[in-house]
Amino acid sequence: APTAGSVILAGVLLKTGVYGLLRFAIPLFPDQAVLAAPVLAVLSIIAIIYGALTALAQSDMKRLVAYSSVSHMGFIVLGIFAFQVESVTGASLQMIAHGISTGGLFLCVGYIYERRHTREMSQFGGLAHNMKIYATLTMIMVLSSVGLPGLNGFVGEFMILIGTYKTNWLWAACATSGVILAACYMLRMMQKTFFGELKREENKVLNDLNLREALTLIVLCVLAFWMGIYPKPFINSLEPSSINIVNKTSMSSQYLAMPALDDDVITASHNHNR
């Protein structure tokens with residue numbers, strides 16, 4: 001997809017599936033959601049690890065960012081089906097954070113593609129020497145995607161892991177490996193693209209970001225720092241709906257855990273009520 005299409009995909013379209021789960025699927029069918037939760041949690045963990053390993057194997061920057069989205073969305077779905085207030089709130093918060101960081105990363109890849117018409121990491125190296133603004137803003141987006149404390153990616157993932165741990169510590173332990181792998185593939189991309197010696201002549205003449213490009217990323221960086229340093233306004237807005245979802249599923253859990261009554265007991269109770 002062109003850069004604009006990728007940004008819309010990361011910022012809006014990827015969230016429609018999770019919105020459908022939170023807004024329709026779970027509230028309308030809480031019993032089935034509780035029954036399906038273990039299967040969906042395992043699938044989410046597979047998405048986290050498999051998406052991260054696939055991203056780690058990429059040489060194309062845009063493909064790397066795309067597969068990282070698979071991994072991050074796995075965190076979000078895991079948080080939802082852990083059915084804890086912290087994890088559901090963290091999943092909703094992570095949807096916003098993911099739109100900012102991954103949308104910003106797609107912009108960063110698009111800017112360099114417009115200049116070099118390639119996204120292969122092997123074609124770059126040392127860009128921080130002559131594209132300092134670009135390197136700085138890209139690094140902020142990378143660290144927000146990795147989940148560095150103080151940036152938007154940390155708060156949502158941390159809340160997801162806390163809530164998931166309450167439900168099943170093994171799920172949380174397996175999902176944590178996705179955080180480690182995210183640091184591996186994102187920092188590898190930064191190392192190969194921006195650091196080291198500036199060898200290729202075609203990279204030495206590249207211009208840094210213009211005012212329009214820089215301002216677009218600066219706005220996203222400001223949002224990333226805001227969500228990372230002071231996420232309270234976002235959490236306060238999202239928590240009531242998370243509590244509502246958790247209450248519905250907890251009632252379903254209690255109902256499903258009740259022992260089945262014999263037909264004779266039901267008939268006797270019915271006659272007594274009459």
Side-chain angles (χ1 to χ4, degrees), residues 10 12-55 67-99 102 147 152-182 231 234-261:
V12 181
L13 298 181
L14 276 180
K15 311 304 181 291
T16 55
V18 182
Y19 173 79
L21 291 174
L22 291 171
R23 185 67 180 84
F24 299 106
I26 296 173
L28 290 175
F29 308 104
D31 298 346
Q32 287 71 23
V34 171
L35 289 172
V39 176
L40 290 167
V42 171
L43 290 174
S44 301
I45 293 168
I46 292 171
I48 292 169
I49 298 173
Y50 185 75
L53 290 174
T54 309
Y67 281 113
S68 76
S69 290
V70 177
S71 183
H72 288 305
M73 294 305 291
F75 269 105
I76 292 170
V77 177
L78 176 63
I80 291 171
F81 285 96
F83 291 134
Q84 299 289 335
V85 175
E86 297 92 341
S87 65
V88 178
T89 305
S92 301
L93 188 66
Q94 188 65 10
M95 282 199 289
I96 304 171
H98 176 267
T102 306
N152 56 347
F154 173 76
V155 183
E157 283 188 359
F158 189 67
M159 293 178 71
I160 289 169
L161 291 174
I162 288 176
T164 303
Y165 184 84
K166 289 183 177 181
T167 300
N168 189 313
W169 68 269
L170 185 59
W171 294 353
C174 293
T176 304
S177 63
V179 179
I180 300 169
L181 290 170
F234 300 93
I235 294 173
N236 289 344
S237 299
L238 298 169
E239 201 169 45
S241 60
S242 301
I243 293 171
N244 184 40
I245 289 172
V246 172
N247 287 340
K248 285 188 176 183
T249 54
S250 62
M251 290 173 61
S252 297
S253 301
Q254 295 170 7
Y255 170 74
L256 293 171
M258 290 174 62
L261 296 175

Exercise. Is there a donor-acceptor pair closer than 3.5 Å between any side-chain N or O of S71 and the backbone N or O of S68?
Worked result: no
Problem set entry | Backbone of V246 reached by a side-chain donor or acceptor of T249 within 3.5 Å | yes
For this session: Under the side chain to side chain contact (heavy atoms under 4.5 Å, CB included) rule, what do L181 and I48 come out as? Steps first, then yes or no, please.
Result: CA-CA 9 Å; L181 290 170; I48 292 169; over 6 Å; no
If we only count heavy atoms from C-beta on, is the [X] to [Y] side-chain gap below 4.5 Å?
| X | Y | value |
| --- | --- | --- |
| Y19 | F24 | yes |
| V70 | Y50 | no |
| L238 | M95 | no |
| P30 | M251 | no |
| T164 | N168 | no |
| S69 | L14 | yes |
| C174 | L170 | yes |

For this session: Determine, stepwise, if the pair K15 / H98 fulfils side chain to side chain contact (heavy atoms under 4.5 Å, CB included).
Result: CA-CA 9 Å; K15 311 304 181 291; H98 176 267; 3.0 Å; yes
For this session: Take M73 and V18, measure what side chain to side chain contact (heavy atoms under 4.5 Å, CB included) needs, and give me the verdict at the end.
Result: CA-CA 9 Å; M73 294 305 291; V18 182; 3.5 Å; yes
For this session: Decide side chain to side chain contact (heavy atoms under 4.5 Å, CB included) for T167 and F81; before the verdict, give the C-alpha distance in whole Å, the side-chain angles of both, and the deciding distance to 0.1 Å.
Result: CA-CA 9 Å; T167 300; F81 285 96; over 6 Å; no
Exercise. Do other residues, nucleotides or ligands put more than 12 heavy atoms under 6.0 Å from the CZ atom of F234?
Worked result: yes
Exercise. Can you tell me if CZ on F154 sees more than 12 non-hydrogen neighbours from other groups inside 6.0 Å?
Worked result: yes
Exercise. Taking all atoms of both residues into account, what is the closest heavy-atom pair of Q94 and N152, and its distance?
Worked result: OE1-O, 4.3 Å
